[in-house]
Trainee: 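Below is a structure I'd like to ask you about.
The sequence lines fix the lettering, A, B, ..., with proteins before strands; numbering per chain opens at 1. Since this is a predicted model, take the numbers as computed values, not measurements. Just so you know, these numbers use all the heavy atoms, side chains as well, and skip hydrogens, waters and symmetry mates.
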Protein chains: 2
Amino acid sequence: MRLVVARCSVQYSGRLDATLPEAVRLIMVKADGCVAIHSDGGAYKPLNWMTAPNTVVEIEGQWIVTNPKGETLTINLHEVFTDSAHEFGEDPGLQKDGVEAHLQELLAALPETIENGLTLIRREWPTPIGPVDLMCVDTEGNYVAVEIKRRGEIDGVEQLARYLELLQPDSNLKGLRGIFVAQVIKPQAKKMAEQRGIAWAEVDYEDLRGRRPEELRLF
Amino acid sequence: MRLVVARCSVQYSGRLDATLPEAVRLIMVKADGCVAIHSDGGAYKPLNWMTAPNTVVEIEGQWIVTNPKGETLTINLHEVFTDSAHEFGEDPGLQKDGVEAHLQELLAALPETIENGLTLIRREWPTPIGPVDLMCVDTEGNYVAVEIKRRGEIDGVEQLARYLELLQPDSNLKGLRGIFVAQVIKPQAKKMAEQRGIAWAEVDYEDLRGRRPEELRLF
DNA sequence: TGGTGGATTTCGATC
DNA sequence: GATCGAAGTCCACCA
């Protein structure tokens with residue numbers, strides 16, 4: 001990785017056109033050729049960048065980075081403060097826990113968390129436009145399609161409504177209705193669900209982890 | 001900005017739990033307290049990070065970064081190769097051109113690009129769930145609701161369908177129909193539009209820029 | 001290889 | 001401050 005701290009101005013032309021006036025910034029060049037220009041604030045996102053694969057041409061205080069799609073990033077270096085390179089080696093990468101797949105796994109094991117007496121029929125129940133997360137039956141023997149999101153927003157409700165629309169004509173699915181499940185559901189999403197006759201439930205991930213059966217606790 | 005190159009292992013606990021095994025990485029600390037951990041590859045996104053506001057406590061080769069929401073990032077430094085700090089000063093920020101707002105502006109000025117003989121009634125035509133981008137009339141005097149996206153995907157068609165559903169009952173909008181407009185429209189979005197009786201049109205941004213009236217060319 | 005959906009999304013505008 | 005929508009989104013998965 002090469003790290004350059006310099007007073008520079010930058011232009012990008014590609015999916016849009018953008019310019020950065022002259023200022024002091026960090027230019028980061030990764031081993032795969034990625035170039036990122038960071039200011040000393042904001043979140044992790046650089047002000048400007050170019051992802052691999054690309055080519056860097058360096059002439060007289062000017063870097064021209066191009067990629068096969070015809071995008072270009074031009075960096076004009078007005079004053080270089082530091083310029084250093086470092087060997088990193090392979091990175092083993094990040095291990096994650098707590099994303100939507102896990103939430104689905106936990107809820108499949110404990111459908112009662114969603115609604116009392118709910119029983120799982122199968123995960124990833126197929127429809128023409130994609131699978132429903134969980135298909136269950138309730139205590140009355142009625143079918144319940146469950147859509148799971150980490151965050152409950154309006155488009156998740158839309159998605160479930162579309163599934164229901166497609167599945168309702170199937171007379172095998174007696175009394176089919178929907179439940180929208182997420183860790184947190186936004187007010188507007190709750191409202192839309194109610195308008196469409198869809199129930200919703202908020203579930204607690206940590207609570208679920210604590211309650212899941214032993215065999216699931218080992219991943 | 002402080003830049004540390006070190007062999008380190010990292011743990012994050014907050015919205016999810018994640019760990020990074022020991023390896024050489026760049027740790028970037030910005031003036032506002034943001035911490036980001038980069039490997040020497042991948043795109044601009046760091047492997048792990050913590051956004052401001054937060055607090056960094058540094059003891060004996062261990063950094064503990066916490067934020068008010070109770071998230072924590074723990075960095076164990078096993079071997080420090082470089083550790084440097086730099087003054088950047090304020091950044092004037094990025095200037096952009098070519099985003100959706102401009103596209104709407106250009107199409108409002110040249111609705112004929114969308115369909116021959118189309119005339120603009122107004123931009124941001126209100127509905128209970130948000131404004132329609134453009135309301136126009138065609139050569140027959142029928143109303144046309146236009147939804148504009150930079151990229152035409154399925155949810156944009158959904159959005160326009162929702163608007164139309166809400167606006168159809170309004171008898172003032174004689175013969176109301178919809179057109180979905182984007183620079184590029186995905187096949188599935190085209191199909192969905194056609195199924196719902198919504199027309200679609202692909203427009204070229206550069207071409208529009210060239211054709212727009214003089215007064216608009218000055219921004 | 002292209003499409004689709006998730007993200008510790010980030011970011012900005014608007015209410 | 002909350003919410004909503006766009007992003008040069010990036011990214012992984014899957015057809």
Side-chain angles (χ1 to χ4, degrees), chain A residues 11-18 34 36-37 41-52 54 67 69-73 93-94 96-104 124 129-131 133 147-156 158-159 182-189 191-192 205, chain B residues 10-18 34-37 42-52 54 65 67 69-73 93-94 96-104 124 129-131 133 147-156 159 182-192 205:
Chain A
Q11 279 152 295
Y12 165 76
S13 181
R15 291 179 244 189
L16 55 63
D17 293 285
C34 282
I37 295 145
Y44 62 68
K45 198 173 167 177
L47 293 165
N48 227 327
W49 70 93
M50 183 77 90
T51 46
N54 61 24
N67 76 3
K69 282 187 236 164
E71 298 173 303
T72 61
L73 186 73
L94 189 69
K96 287 187 193 184
D97 181 23
V99 289
E100 184 183 316
H102 288 152
L103 197 57
Q104 191 193 114
E124 305 289 345
I129 57 165
D133 289 333
E147 177 65 30
I148 302 166
K149 293 283 177 199
R150 209 173 48 81
R151 294 186 187 189
E153 293 174 33
I154 205 165
D155 53 342
E158 285 286 345
Q159 197 181 331
Q183 291 176 272
V184 182
I185 301 177
K186 292 196 173 170
Q188 197 161 342
K191 211 169 89 186
M192 170 172 277
Y205 181 75
Chain B
V10 185
Q11 280 153 296
Y12 166 75
S13 180
R15 291 177 244 190
L16 55 65
D17 293 286
C34 282
V35 179
I37 295 147
Y44 62 69
K45 198 172 167 177
L47 294 165
N48 227 324
W49 70 94
M50 182 80 90
T51 47
N54 60 23
V65 189
N67 75 4
K69 283 187 234 161
E71 299 173 304
T72 61
L73 187 73
L94 188 71
K96 288 187 190 182
D97 181 23
V99 288
E100 184 183 316
H102 287 153
L103 196 58
Q104 190 192 115
E124 306 289 346
I129 56 164
D133 289 334
E147 177 64 30
I148 302 166
K149 294 282 177 200
R150 206 172 52 78
R151 293 185 187 189
E153 294 175 31
I154 204 167
D155 53 342
Q159 195 180 332
Q183 291 176 272
V184 182
I185 301 177
K186 294 196 172 171
Q188 196 160 344
K190 289 181 182 175
K191 212 169 87 184
M192 170 172 276
Y205 181 75

Trainee: Find the distance A:E71:CD to D:dA7:C1' and express it as a whole number of Å.
Mentor: 14 Å

Trainee: Between D:dG8 and C:dT14, how many Å separate the two C1' atoms, rounded to a whole number?
Mentor: 24 Å

Trainee: Quick one: is B:K186 getting a side-chain N or O under 4.0 Å of the C:dG2 phosphate, OP1 or OP2?
Mentor: no

Trainee: Choosing from C:dT10, C:dT8, C:dG5, which nucleotide comes nearest the side chain of B:I154?
Mentor: C:dG5

Trainee: If you look at every strand shown and take non-hydrogen atoms under 4.0 Å, does B:M50 touch a base, only sugar-phosphate, or nothing?
Mentor: nothing

Trainee: Specify the separation, in whole Å, of atom NZ of B:K45 and atom P of D:dA7.
Mentor: 18 Å

Trainee: Give the intermediate values and the outcome of side chain to side chain contact (heavy atoms under 4.5 Å, CB included) for residues B:R15 and B:K69.
Mentor: CA-CA 10 Å; B:R15 291 177 244 190; B:K69 283 187 234 161; 4.0 Å; yes

Trainee: Please find the pair of heavy atoms, one from A:G156 and one from A:E147, that lie closest to each other, and give the distance.
Mentor: O-CG, 4.0 Å

Trainee: Nearest-Å distance, NZ (A:K69) to P (C:dT1)?
Mentor: 12 Å

Trainee: With nearest nucleotide decided by heavy atoms, which residue, A:E147 or B:T51, maps closer to the 5′ end of DNA chain C?
Mentor: A:E147

Trainee: A:R15 side chain: which of C:dC11, C:dG3, D:dC10 is closest?
Mentor: D:dC10

Trainee: When you match B:E153 and B:Q159 each to their closest nucleotide on DNA chain D, which lands nearer the 5' end?
Mentor: B:Q159

Trainee: Restricting to non-hydrogen atoms, name the atom on A:L103 and the atom on A:R150 that form the minimum distance, rounded to 0.1 Å.
Mentor: CD2-CA, 4.2 Å

Trainee: Which heavy-atom pair separates B:H102 from B:K96 by the least distance, and what is that distance?
Mentor: CE1-O, 4.3 Å

Trainee: When all nucleic acid strands are considered with a 4.0 Å heavy-atom cut-off, which category describes A:L94: base, sugar-phosphate, or nothing?
Mentor: base

Trainee: For B:L16 and C:dA7, give me the distance from atom CG to atom C1', rounded to whole Å.
Mentor: 9 Å

Trainee: How long is the line joining CE of A:M192 and P of D:dG5, in whole Å?
Mentor: 10 Å

Trainee: What is the distance, to the nearest angstrom, from the CD atom on A:E124 to the C1' atom on D:dC14?
Mentor: 12 Å

Trainee: Which atom names give the shortest non-hydrogen contact between A:A43 and B:C34, and what distance separates them?
Mentor: CA-SG, 4.1 Å

Trainee: To the nearest angstrom, how far is A:Q104 atom CD from C:dG6 atom P?
Mentor: 11 Å

Trainee: Using whole Å, what does the distance between atom C1' of nucleotide C:dG2 and atom NZ of B:K191 come to?
Mentor: 14 Å

Trainee: Taking for each residue the nucleotide of DNA chain D with the nearest heavy atom, is it B:K149 or B:Y44 whose nucleotide lies nearer the 5' end?
Mentor: B:K149

Trainee: Using atom C1' in both nucleotides, what's the gap between D:dC14 and C:dT8 to the nearest angstrom?
Mentor: 25 Å

